[in-house]
Amino acid sequence: MYDIIGDIHGRADELEALLLKLGYERRKSAYRHPERKAIFVGDFVDGQGQHRKTIDICRSMIEQETALAVMGNHEFNAICYSISDGAGDFLRPHNEKNIRDHAEFIAEFPFQSSIHQEAISWFKTLPLFLDLGELRIIHAVWHHTSFPIVAPFLDENNCLTPDAYVPASDKSHPLYHAIEYLLKGVELELPPGVSFRDKKGNLRTAARIRWWDEQATHWSNATIGTDQAELPNTPLPEQSYRYTDTVPLFVGHYWMSGQPRPMSDQVACVDYSVARPGGRLVAYRWSGERKLIQDNFTWIDRNQ
């Protein structure tokens, strides 16, 4: 039995409140439950919060085997931000946008300090995905065609090997695109001349697709993170990806809002935007069911 907990983004107070609400108690330096384990879906950092406290809580639980976790795109980005590209910059360039994106994490873990290097080393121990037989966990999407591409770059625990980060940062390499799918979602180029601005004001000519929704067949009803009313009512490209497996799948990443509910009978997102004012830190209490149900969600509202 597992409690799958959404993207935390440094909101340690909300994390502790949620763990207590779920019946976990802090004993022997880690939160633990007499019958259940927590699973974190990644994105521990980047946001206005308490990054060191968040990592301390989650890392202690994982090391004392009261929790499992997968890597989020923010952990992957932080790793690449720390690795030299051999040409005077880093695999994730230190440009104005990326410096801003990582500012809160770096404020608590000064760049290249011992505590920063320790945090990066811990991020590298996070697996890309968990397949527990009766359920699956990945940060953004269980993208079947990407798994054979990443397989040569994974160790026995499904963690990226040290030689993975350079090709994973090279847009001409297949590994780059596989990691983009697994950690950031299925994204398709919009029709010619169509664009939108994302939550940070960046102009986008591609959009993330509702890959869990078999009814999402046209641009006007198939995207996430956009104003769908502004998109044309034309069909998506043929053979757009869908998750149709019967194994329950849990993801984070998508900045959902409103009343937590399953995306489909077999897919649930537990990211309900705790990094934003008005957001929630959400968990799904899974006890073996094959069809996911709304009543199994629980949450803590963001502490303003």
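Numbering starts at 1 and runs along the sequence shown.
- Taken from OG in Ser220 to CG in Leu236, the straight-line distance is 9.0 Å, to the nearest 0.5 Å.
- The environment of CD in Gln48 is sparse: at most 12 heavy-atom neighbours from other residues, nucleotides or ligands sit within 6.0 Å.
- In this structure, the side chains of Cys80 and Asn77 stay at 4.5 Å or more apart for every pair of heavy atoms.
- A perpendicular orientation is assigned to the rings of Tyr272 and Phe297, their planes being inclined by more than 60° (bins at 30° and 60°).
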*Dump the intermediate steps for salt bridge (Lys or Arg N to Asp or Glu O under 4.0 Å) on Asp13 and Lys53, then the final yes or no.*
CA-CA 9 Å; Asp13 289 345; Lys53 185 177 179 182; 3.3 Å; yes

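- Between Phe147 and Trp142, the distance separating the two ring centers is shorter than 6.0 angstrom.
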*Working for side-chain hydrogen bond (donor to acceptor under 3.5 Å, both in side chains), residues Gln50 and Arg11*: CA-CA 6 Å; Gln50 300 164 292; Arg11 303 301 301 187; over 6 Å; no

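- With values rounded to the nearest 0.5 angstrom, Phe44 atom CZ is found 8.5 Å from Ile55 atom CD1.
- If you run side-chain contact (heavy atoms from CB on, under 4.5 Å) between Ile4 and each of Leu135, Asn296, Leu130, only Leu135 comes through.
- Atom OH in Tyr165 sits 14.0 Å away from atom CZ in Arg92 (nearest 0.5 Å).
- Counting only N and O atoms by type, the side chains of Asp46 and His51 include no donor and acceptor under 3.5 Å apart.
- The distance between the ring centers of His143 and Tyr241 falls below 6.0 angstrom.
- Checked by atom type and distance alone, the side chain of Thr66 never pairs as donor or acceptor with a backbone atom of Arg32 at under 3.5 Å.
- At distances below 3.5 Å, at least one donor-acceptor pair connects side-chain atoms of Asp213 with backbone N or O atoms of Gln215.
- A donor-acceptor contact under 3.5 angstrom links the side chains of Gln64 and Ser29, judged on distance only.
- Between the side chains of Tyr181 and Glu187, no donor-acceptor pair of N or O atoms lies under 3.5 Å.
- Asp155 places a side-chain N or O within donor-acceptor distance of the main-chain N or O of Cys159, the cut-off being under 3.5 Å.
- Checking each of Asp43, Leu281, Val282 against Val274 for a side-chain contact (heavy atoms from CB on, under 4.5 Å) leaves exactly one that passes, namely Leu281.
- Taken from CZ in Phe111 to CZ in Phe105, the straight-line distance is 10.0 Å, to the nearest 0.5 Å.
- Cation-pi geometry between Arg52 and Phe109 is met: under 6.0 angstrom from the ring centre, within 45 degrees of the axis.
- Between Trp211 and Tyr254, the ring planes lie tilted relative to each other; the angle falls in the 30° to 60° range.
- Between the side chain of His177 and the main chain of Lys171, a donor-acceptor pair closer than 3.5 Å is present.
- Counting only distance, with no hydrogens or angles, the side chain of Ser84 and the backbone of Gly86 share a donor-acceptor pair below 3.5 Å.
- A donor-acceptor distance shorter than 3.5 angstrom exists from the side chain of Asp89 to the backbone of His94, with no hydrogens or angles considered.
- Between the side chain of Thr223 and the backbone N or O of Ile209, no donor-acceptor pair lies under 3.5 Å.
- Each salt bridge (Lys or Arg N to Asp or Glu O under 4.0 Å) pair with one or both residues in residues 262-272, not counting sequence neighbours, would appear here, but there are none.
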*Applying salt bridge (Lys or Arg N to Asp or Glu O under 4.0 Å), run through Arg290 and Glu134 and close with a yes or a no.*
CA-CA 8 Å; Arg290 301 286 288 185; Glu134 295 183 295; 5.9 Å; no

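- A ring pair (Phe, Tyr, Trp, His ring centres under 6.0 Å) with His253 holds for exactly one of His9, His139, His74; it is His139.
- How far CG of Leu19 is from CD of Glu14: 12.0 Å, rounded to the nearest 0.5 Å.
- If you check the side chains of Tyr24 and Asp3, you find a donor sitting under 3.5 Å from an acceptor.
- Here the straight-line distance linking atom CD1 of Ile99 with atom OH of Tyr81 works out to 4.5 Å at 0.5 Å rounding.
- Judged by distance alone, with hydrogens and angles left aside, the side-chain atoms of Glu289 form a donor-acceptor pair with the main-chain N or O of Ser287 at under 3.5 Å.
- Without hydrogens or angle criteria, Arg302 side chain to Arg280 main chain gives no donor-acceptor distance under 3.5 Å.
- More than 12 heavy atoms of other residues, nucleotides or ligands sit less than 6.0 Å from atom CD of Gln259.
- Contact detail for Gly133 and Val247: the closest heavy-atom pair is O-CG1, 3.8 Å.
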